Amino acid sequence: MTPRELEEFLKEAYETRTGRFYLHESNGHFDGLLLVVPSRTDFGYHGKELLRELREDFRGLNATITGDPIIWAKGLDDMRNAMILSILLCLAFALTVLPVSFAVAHRAPLEGLLAALVPLAVLGWLFATMKLLNIPLNAMTAMVGAIIVGIGIDYPIHVANRWVIERRAGKGFWEAYSTAVSTAGREVLYSALTTLIAFGVLVTIPIPVVTQFAATVLFGLVYSFLGAVVLLPAMVRLFR
């Protein structure tokens with residue numbers, strides 16, 4: 001087909017009822033074509049893989065790739081990135097506020113700083129577990145990080161606060177630790193258990209994304225409790 005024959009063909013196609021939806025004409029010349037590629041990708045869950053495949057297929061062409069799966073994938077990525085940013089902001093806020101608060105209340109800024117570091121370690125454990133269990137970091141599981149920082153920061157605060165009070169009362173390290181764990185630590189355990197039961201129900205929902213979210217929350221809560229009653233005292237012991 002010669003260029004002139006091709007242009008005649010495109011003009012005839014452009015005049016049909018659906019041609020204007022697939023061809024773009026500018027100043028008498030056709031400069032755009034819409035190609036519809038069938039796909040069985042659901043809800044954008046594998047939209048990024050689809051985008052990589054299409055880019056490979058249309059490599060070397062001036063093509064813009066779009067469609068529901070790809071748009072959903074981009075939107076979910078943006079949500080995930082926003083959640084990660086919120087986690088970092090929460091951690092930065094905790095690292096700033098807690099040392100100041102403990103300094104004002106107990107003249108113990110170090111304990112406040114160590115309490116703020118616990119959620120950071122918990123997130124490290126959590127993301128490592130997700131990697132080992134092949135749980136993807138999607139929009140739902142990224143929300144867990146913000147939830148764990150919000151819930152998990154309370155646990156070390158209570159334990160550290162009670163530990164500082166006992167130490168100021170003249171108790172030794174192990175006696176202060178025992179009292180802090182048997183009082184504040186016990187209440188933290190009860191709080192963690194009730195939250196575990198509440199989120200544990202979601203594991204029974206037969207939707208993979210929800211199940212992944214619930215499982216990630218459960219791991220995060222367990223790690224938050226261990227961070228408050230094991231990691232925090234260990235760090236206090238190390239730096240004090």
Side-chain angles (χ1 to χ4, degrees), residues 81-132 137 141-200 213 215-240:
N81 295 338
M83 294 307 300
I84 293 175
L85 178 60
S86 70
I87 293 171
L88 296 177
L89 291 176
C90 288
L91 289 174
F93 184 77
L95 290 170
T96 303
V97 172
L98 286 183
V100 175
S101 300
F102 271 74
V104 173
H106 304 296
R107 288 176 295 178
L110 178 61
E111 281 74 5
L113 176 63
L114 296 179
L117 290 176
V118 170
L120 184 61
V122 169
L123 289 176
W125 299 342
L126 181 60
F127 290 144
T129 303
M130 292 171 62
K131 180 68 173 179
L132 291 174
L137 183 63
T141 54
M143 291 174 56
V144 176
I147 294 174
I148 293 304
V149 172
I151 296 177
I153 193 66
D154 292 346
Y155 298 170
I157 288 176
H158 293 310
V159 174
N161 184 68
R162 186 57 186 261
W163 188 89
V164 171
I165 292 174
E166 297 301 324
R167 287 287 286 168
R168 292 185 65 184
K171 295 182 179 180
F173 175 84
W174 291 111
E175 187 179 4
Y177 172 68
S178 177
T179 303
V181 171
S182 62
T183 54
R186 182 179 58 187
E187 305 305 324
V188 166
L189 175 62
Y190 294 156
S191 175
L193 287 176
T194 55
T195 311
L196 279 170
I197 294 173
F199 279 100
F213 170 77
T216 309
V217 171
L218 297 183
F219 280 114
L221 289 171
V222 172
Y223 292 155
S224 295
F225 173 74
L226 294 177
V229 300
V230 178
L231 177 63
L232 175 62
M235 290 194 299
V236 172
R237 178 70 172 175
L238 177 64
F239 291 105
R240 284 295 189 191

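Keep in mind that this is a model prediction, so the values were computed, not measured. In this chain, numbering begins with 1 at the start of the sequence shown.
For residues 218-240, the ring-ring contact (aromatic ring centres under 6.0 Å, His included) pairs, not counting sequence neighbours, are Trp125-Tyr223. Applying the salt bridge (Lys or Arg N to Asp or Glu O under 4.0 Å) test to pairs two or more places apart or on separate chains, none has a residue in residues 121-130. Applying the side chain to side chain donor-acceptor pair (under 3.5 Å) definition to pairs two or more places apart or across chains, those involving residues 109-120 are Glu111-Arg240. Under the salt bridge (Lys or Arg N to Asp or Glu O under 4.0 Å) criterion, no residue pair touches residues 173-197, with sequence neighbours excluded. Within the structure, the salt bridge (Lys or Arg N to Asp or Glu O under 4.0 Å) test picks out no pair touching residues 112-122 (sequence neighbours left out). For the salt bridge (Lys or Arg N to Asp or Glu O under 4.0 Å) condition, no pair includes a residue of residues 221-233, sequence neighbours left out.
For the pair Trp174 and Arg237, the minimum side-chain heavy-atom distance is below 4.5 Å. Annotation: side chain of Val222 is in contact with side chain of Leu226 (closest heavy-atom distance under 4.5 Å).
To the nearest 0.5 Å, atoms CG (Leu221) and CD1 (Ile197) are separated by 11.5 Å. We find the CG-OG1 distance between Leu218 and Thr129 to be 12.0 Å, quoted to the nearest 0.5 Å.
Across Ser224 and Val122, no two heavy atoms sit closer than the pair OG-CG1, 3.7 Å. Here the closest heavy-atom approach between residue Thr216 and residue Met130 is recorded as CG2-SD, 3.8 Å. Heavy-atom minimum distance, Ala121 versus Leu231: CB-CD2, 3.5 Å.
Annotation: side-chain hydrogen bond (donor to acceptor under 3.5 Å, both in side chains) contacts of Thr141 (sequence neighbours excluded): Asn138. Arg162 pairs by the salt bridge (Lys or Arg N to Asp or Glu O under 4.0 Å) definition with Glu166, not counting sequence neighbours. In this view, Met143 and Met83, Met140, Phe213 satisfy the side-chain contact (heavy atoms from CB on, under 4.5 Å) rule, not counting sequence neighbours.
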Return all side-chain donor-acceptor pairs below 3.5 angstrom for residues 87-110, not counting sequence neighbours, or 'none' if the list is empty.
residue: Thr96; atom: OG1; partner: Ala92; partner atom: O; Å: 2.9
residue: Ser101; atom: OG; partner: Val97; partner atom: O; Å: 3.0
residue: His106; atom: NE2; partner: Asn161; partner atom: OD1; Å: 2.6

List, one per line, each side-chain donor-acceptor pair under 3.5 Å for residues 145-155, sequence neighbours excluded.
none

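The side chain to side chain contact (heavy atoms under 4.5 Å, CB included) test with Leu232 is passed by exactly one of Ile157, Leu117, Val118: Val118.
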